[in-house]
Amino acid sequence: MKTELIQKAYEIAKERYAAIGIDTDAVLEKLQNVSLSLHCWQADDVVGFEPKAGALSGGIQATGNYPGRARNIEELRQDVLKAASLIPGKHRLNLHEIYGDFGDKFVDRDEVEPCHFQSWIDWAKANDMKLDFNSSSFSHPKSGDLSLSNPNPEIRNFWIEHTKRCRAVAEAMGVAQNDPCIMNVWVHDGSKDLTVNRMYYRELLKDSLDQIFATEYKNMKDCIESKVFGIGLESYTVGSNDFYIGYGASRGKIVTLDTGHFHPTESIADKISSLLLYTPEVMLHVSRPVRWDSDHVTIINDETLELCKEITRCNALDKVHIGLDYFDASINRIGAYVIGSRATQKCMLQALLEPIATLREYELSGKGFERLALLEECKSLPWTAVWDMFCLKNDVPVGEEFIADVQKYEVEVTSKR
Ligand code: RNT
Ligand code: ZN
């Protein structure tokens with residue numbers, strides 16, 4: 001797109017926003033500082049690099065078989081860098097334990113060490129990217145239906161050891177990048193059918209977490225993620241929302257809100273202000289559930305918009321970590337990264353452009369009509385011109401231009417895999 005045209009449109013938008021008291025230059029600076037944590041698992045359908053990687057388990061599923069999946073660490077790194085080059089701003093990379101640099105060696109989950117992530121740490125530094133981390137309880141012979149809440153001490157201790165070691169890896173990443181590594185713990189534990197020992201498994205999970213978190217670290221932050229149900233684990237989830245809210249609030253841990261992990265009409269945005277009153281920060285897994293936790297590519301929709309607006313309305317940009325979490329294997333995977341990231345950023349931009357001072361004033365003085373009218377008008381203000389300017393400034397393709405870049409990479413790289 002013509003630079004001149006983008007600049008002209010931006011100038012007009014800038015004036016229009018100034019009329020409602022919004023400084024678009026300041027908003028562009030704020031958006032520049034919003035980093036997303038790109039989930040490494042979109043590139044390879046959550047397979048990872050364990051030498052004997054088996055089928056995806058733990059109640060999650062990547063559907064589709066679009067060609068070009070990243071099959072090894074080099075391909076995944078190349079894909080992530082390609083995606084990042086089409087996303088404005090500076091972003092982080094979110095790794096799972098199963099993506100370690102194990103070579104041909106079989107390193108079991110209870111044997112992982114920071115050295116298995118040294119090449120990632122070096123790569124991240126060389127590419128000016130920060131890392132986040134996740135323990136991996138799924139796709140392993142010992143995963144079963146219960147990991148950290150397993151009544152069998154051998155299995156439970158195996159996963160306790162795994163998660164403890166993952167925290168040490170996250171700490172090493174945090175030290176190396178001089179910025180805390182955000183480590184998420186999600187375990188799939190649950191059961192398919194009527195469950196009578198609900199309390200027992202939750203007691204075990206609570207005890208496992210207490211053991212895991214006994215070591216204090218300064219360069220990593222712990223997050224815990226709940227969900228409603230998994231495939232094959234429909235009747236009971238040990239780590240439910242209530243469980244982790246209680247755990248997080250009582251232990252000062254960060255609760256991860258995955259937008260696909262709640263009942264379909266529940267507002268995830270509404271949870272942010274409550275959580276921030278009782279827990280230090282919030283981690284998000286931005287996704288798009290379609291009928292269930294289907295992990296479709298994030299798009300601009302009411303849910304994502306409301307989520308971003310709640311973050312800015314709570315003045316919580318520095319307390320909310322924004323990770324993405326979807327895995328669509330049915331379309332070009334690099335394209336999936338770019339669509340979801342840019343959509344999240346576009347939602348955040350609209351949130352930052354909101355005339356919140358006026359809206360608050362209307363609300364506090366009982367001016368319900370005025371509040372609703374301004375909220376409606378905001379929807380059609382020229383935020384797209386500000387977005388184009390953001391892309392231009394960041395030297396990434398403007399508008400639909402990135403489609404051609406993704407296609408070119410497909411012809412030259414992913415289609416040859
Ligand atoms: C699963 C959780 C979890 C995973 C990733 C791979 O339902 O959302 O966050 O998607 O850890
Ligand atoms: Zn998630």
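In each ligand, atom 1 is the first atom listed, and ligand 1 is the first ligand listed.
The nearest N/O/S atom of Glu225 to the Zn ion (ligand 2) is OE2. When the N, O or S atoms of Asp325 are ranked by distance to the Zn ion (ligand 2), OD2 comes first. For the Zn ion (ligand 2), the nearest N, O or S atom contributed by Asp258 is named OD2. Nearest N/O/S atom of His285 with respect to the Zn ion (ligand 2) is recorded as ND1.
Contacts of His188 with ligand 1, taken as heavy-atom pairs under 4.0 Å, are absent altogether. At a heavy-atom cutoff of 4.0 Å, ligand 1 is contacted by the side chain of Asp293 but not by its backbone.
With hydrogens left out, the protein atom closest to atom 9 (O) of ligand 1 is Glu225 OE1, 2.7 Å, a heavy atom. Protein heavy atom in closest approach to atom 10 (O) of ligand 1: Asp325 OD2, 2.8 Å. In terms of protein heavy-atom proximity, atom 6 (C) of ligand 1 is closest to His96 NE2, 3.3 Å.
The two residues His296 and Ser294 have their closest heavy-atom pair at ND1-OG, 2.6 Å.
Distances between N or O atoms of His285 and those of ligand 1 include at least one value under 3.5 Å. The shortest N or O to N or O distance between Lys227 and ligand 1 is below 3.5 Å. For ligand 1, the polar-atom distance check finds an N/O of His261 within less than 3.5 Å of one of the ligand's N/O atoms. Distances between N or O atoms of Trp41 and those of ligand 1 include no value under 3.5 Å. Checking only distances, Trp186 never comes within under 3.5 Å of ligand 1, N or O to N or O.
Defined by atom type and a distance below 3.5 Å, a donor-acceptor pair is present between the side-chain atoms of Ser136 and His96. With 3.5 Å as the limit, one finds no donor-acceptor pair spanning the side chains of Ser240 and Arg198. Side-chain atoms of Tyr66 and Asp45 form no donor-acceptor pair, as typed in the model, at a separation below 3.5 Å. A donor atom on one side chain and an acceptor atom on the other are not found under 3.5 Å apart for Ser147 and His188. Side-chain polar atoms of Gln61 and Asp295 form no donor-acceptor pair below 3.5 angstrom. If you check the side chains of Thr304 and Asn301, you find a donor sitting under 3.5 Å from an acceptor. The closest side-chain donor-acceptor pair between Thr24 and Tyr10 falls under 3.5 angstrom. Under the 3.5 Å distance criterion, with hydrogens and angles disregarded, no donor-acceptor pair is assigned to the side chains of Asp325 and Ser287. Side-chain atoms of Asp132 and Asn184 include no donor-acceptor pair closer than 3.5 Å.
The Ile60 neighbourhood of ligand 1 comprises atoms 1 (C), 7 (O), with distances under 4.0 Å to a heavy atom of that residue. Remark: ligand 1 atoms within the under-4.0 Å shell around heavy atoms of Asp258 are 8 (O).
Between Tyr337 and His39, the ring planes are perpendicular. Angles over 60° get that label, and only those under 30° would be called parallel.
Note on His261: not counted as a metal contact of the Zn ion (ligand 2), no N/O/S atom lying under 2.8 Å.
Not close to ligand 1: His39, with no non-hydrogen atom less than 4.0 angstrom away.
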